[in-house]
Amino acid sequence: MSITTNATIADFGGKLLKLKHPSKACNCDMAFNLFIPSSASSSKPAPVLIYLAGLTCTGDNGAEKGFFQAKASEKGIAVAFPDTSPRGMNIEGEDESYDFGSGAGFYVDATKEPWTKGYKMYTYITEELPKAIFSEYKELDKERVSITGHSMGGHGALTLFLKNPGMYKSVSAFAPISNPSNCQWGQKAFSGYFGEDDKQRWSEHDATDLLPKYPGDTDILIDVGTGDNFYKQGQLLPENLEKAAKEAGKGVRVNYRDGYDHSYFFISSFASDHVEHAAKYLLR
Ligand SMILES: N[C@@H](CCC(=O)N[C@@H](CSC=O)C(=O)NCC(=O)O)C(=O)O
């Protein structure tokens, strides 16, 4: 699987690569960004933190506005910033709304036509992208991977971690969609990608349902802004995840950040805390 380098940008002592590769899962070329710290080498490979972005985003948003690289460079951690959906599938309705279709893959494998044609972001993030990255970049360590994400990407980070015990060393999230089966964004996405009636599958991609079933302890870090309009509208529902954690005796720490909104100003303000959280597990 070949990766094309479209740009190499000096960044916090390391390099930010703008990349593209053919994806079988998504049935199209997928772009992504990859930050490699200067400390990474084939004899001392760097661990990787995956950052999953939210609705309307590409792999550029986190790389250009998230401010992860400062702390990642200091800690010697690489950061991968994938896209949020396949692109250009020519499916009717694909570009009609910001919260479904292009830019809104929800990190699931669609089971409902016509979305099965390429909306396989779960397989892409858990299998295909890591395979491509680790076969190309010997300076990165495939045994040490953590995951984080924002909003829809926070949902992705939490569910991929909880569905795959051992795949990721740690998880954290910024303003995650924490209980998608019970909010408008999640209901629209799951109805479209899985069908309205397949509630079992909805539950298999819902962090609040998955957490109690996770084998073992968790140490999940979440930040949410109290000025976040999507939080106020009930799209995020972190309290439901906290309640599930309390009942199941799992570790989830939600920091409610006074006055912060849903934007990259919020993400960049707390990005270093999330890299530190990943570092605790990636570097031990
Ligand atoms: N256009 C939409 C709002 C879209 C939006 O706010 N997207 C967020 C993620 S929301 C959850 O996944 C985002 O990260 N946007 C990109 C950015 O650079 O800020 C609307 O009008 O409501």
Side-chain angles (χ1 to χ4, degrees), residues 16 18 31-33 35 49-69 79-87 93-108 110 115 119 121-122 124-125 147-161 171-193 202 205-208 220 222-241 254 256-257 259-271 274:
L16 181 71
K18 295 202 168 271
F32 66 102
N33 284 236
F35 170 73
L49 174 63
I50 298 173
Y51 170 78
L52 302 180
L55 295 166
T56 73
C57 292
T58 66
D60 292 340
N61 298 63
E64 295 173 8
K65 300 196 290 185
F67 213 68
F68 290 92
Q69 292 94 314
V79 191
F81 302 91
D83 204 347
T84 55
S85 75
R87 304 279 168 181
E94 188 182 15
D95 297 317
E96 265 170 22
S97 50
Y98 80 92
D99 54 1
F100 187 74
S102 293
F106 267 84
Y107 306 102
V108 299
W115 306 99
Y119 280 75
M121 288 301 290
Y122 179 83
Y124 176 69
I125 300 292
I147 194 160
T148 186
H150 171 230
S151 196
M152 174 186 72
H155 143 76
L158 293 170
T159 55
L160 268 50
F161 175 88
V171 64
S172 70
F174 302 83
I177 302 172
S178 305
N179 188 193
S181 308
N182 284 313
C183 74
Q184 283 178 2
W185 275 341
Q187 289 164 349
K188 179 173 176 178
F190 288 0
S191 297
Y193 295 133
W202 288 36
H205 291 272
D206 187 318
T208 295
I220 299 175
I222 292 176
D223 281 289
V224 180
T226 61
D228 181 329
N229 283 332
F230 295 124
Y231 169 56
K232 292 181 198 170
Q233 289 163 15
Q235 297 281 24
L236 308 179
L237 305 172
E239 294 89 353
N240 294 3
L241 185 67
V254 183
Y256 291 92
R257 303 295 190 178
Y260 282 88
D261 64 15
H262 199 69
S263 73
Y264 272 82
F265 293 107
F266 157 65
I267 297 170
S268 56
S269 298
F270 299 102
H274 289 245

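For ligands, and for the atoms within them, numbers begin at 1 and follow the listed sequence. Just so it is clear, the model here is predicted, and its values are computed rather than measured.
- Here the heavy atom of the protein found nearest to atom 6 (O) of ligand 1 is Phe230 CE1, 3.6 Å.
- Relative ring orientation between Trp185 and His262 is described as tilted, the plane-to-plane angle lying within the 30° to 60° band.
- Counting protein heavy atoms only, atom 11 (C) of ligand 1 is closest to Ser151 OG, 2.2 Å.
- Counting atoms of ligand 1 from 1 in the listed order, those under 4.0 Å from a heavy atom of His150 are 9 (C), 14 (O).
- Ring geometry for Phe270 versus Tyr260: interplanar angle over 60°, hence perpendicular rather than tilted (30 to 60°).
- Of all atoms in ligand 1, numbered sequentially from 1 with element shown, those under 4.0 Å from a heavy atom of Tyr264 are 14 (O), 17 (C), 18 (O), 19 (O).
- Side-chain rings of Phe68 and Tyr51 approach one another, their centers coming within less than 6.0 Å.
- For ligand 1, the atoms closer than 4.0 angstrom to any heavy atom of Asn61 are 16 (C), 17 (C), 18 (O).
- At the top of the distance list for atom 15 (N) of ligand 1, counting protein heavy atoms only, stands Thr56 OG1, 3.5 Å.
- Ligand 1 has Lys65 within reach: a non-hydrogen atom of the residue lies less than 4.0 Å from it.
- Those atoms of ligand 1 with a heavy atom of His262 less than 4.0 angstrom away are 10 (S), 11 (C).
- Under a 4.0 Å criterion applied to the non-hydrogen atoms of Met152, ligand 1 contributes the atoms 11 (C), 12 (O).
- The distance from the CG atom of Leu55 to the NE2 atom of His155 is 10.0 Å, given to the nearest 0.5 Å.
- Within the structure, the closest approach of Ser263 to ligand 1 does not fall below 4.0 Å when heavy atoms are considered.
- No side-chain N or O of Ser85 forms a donor-acceptor pair with one of Ser102 less than 3.5 Å apart.
- Among the candidates Asn179, Ile222, Asp206, the single residue satisfying the side chain to side chain contact (heavy atoms under 4.5 Å, CB included) test with Leu241 is Ile222.
- The aromatic rings of Phe106 and Tyr193 are tilted relative to each other, their planes meeting at an angle between 30° and 60°.
- To the nearest 0.5 Å, atom CD1 of residue Ile50 and atom CZ of residue Phe81 are 11.5 Å apart.
- Against a heavy-atom cut-off of under 4.0 Å, Trp185 is close to the following atoms of ligand 1: 10 (S), 11 (C).
- Among the atoms of Cys57, none of the N or O lies under 3.5 angstrom from an N or O of ligand 1.
- Of the protein's non-hydrogen atoms, Leu55 O, 3.6 Å is the one closest to atom 8 (C) of ligand 1.
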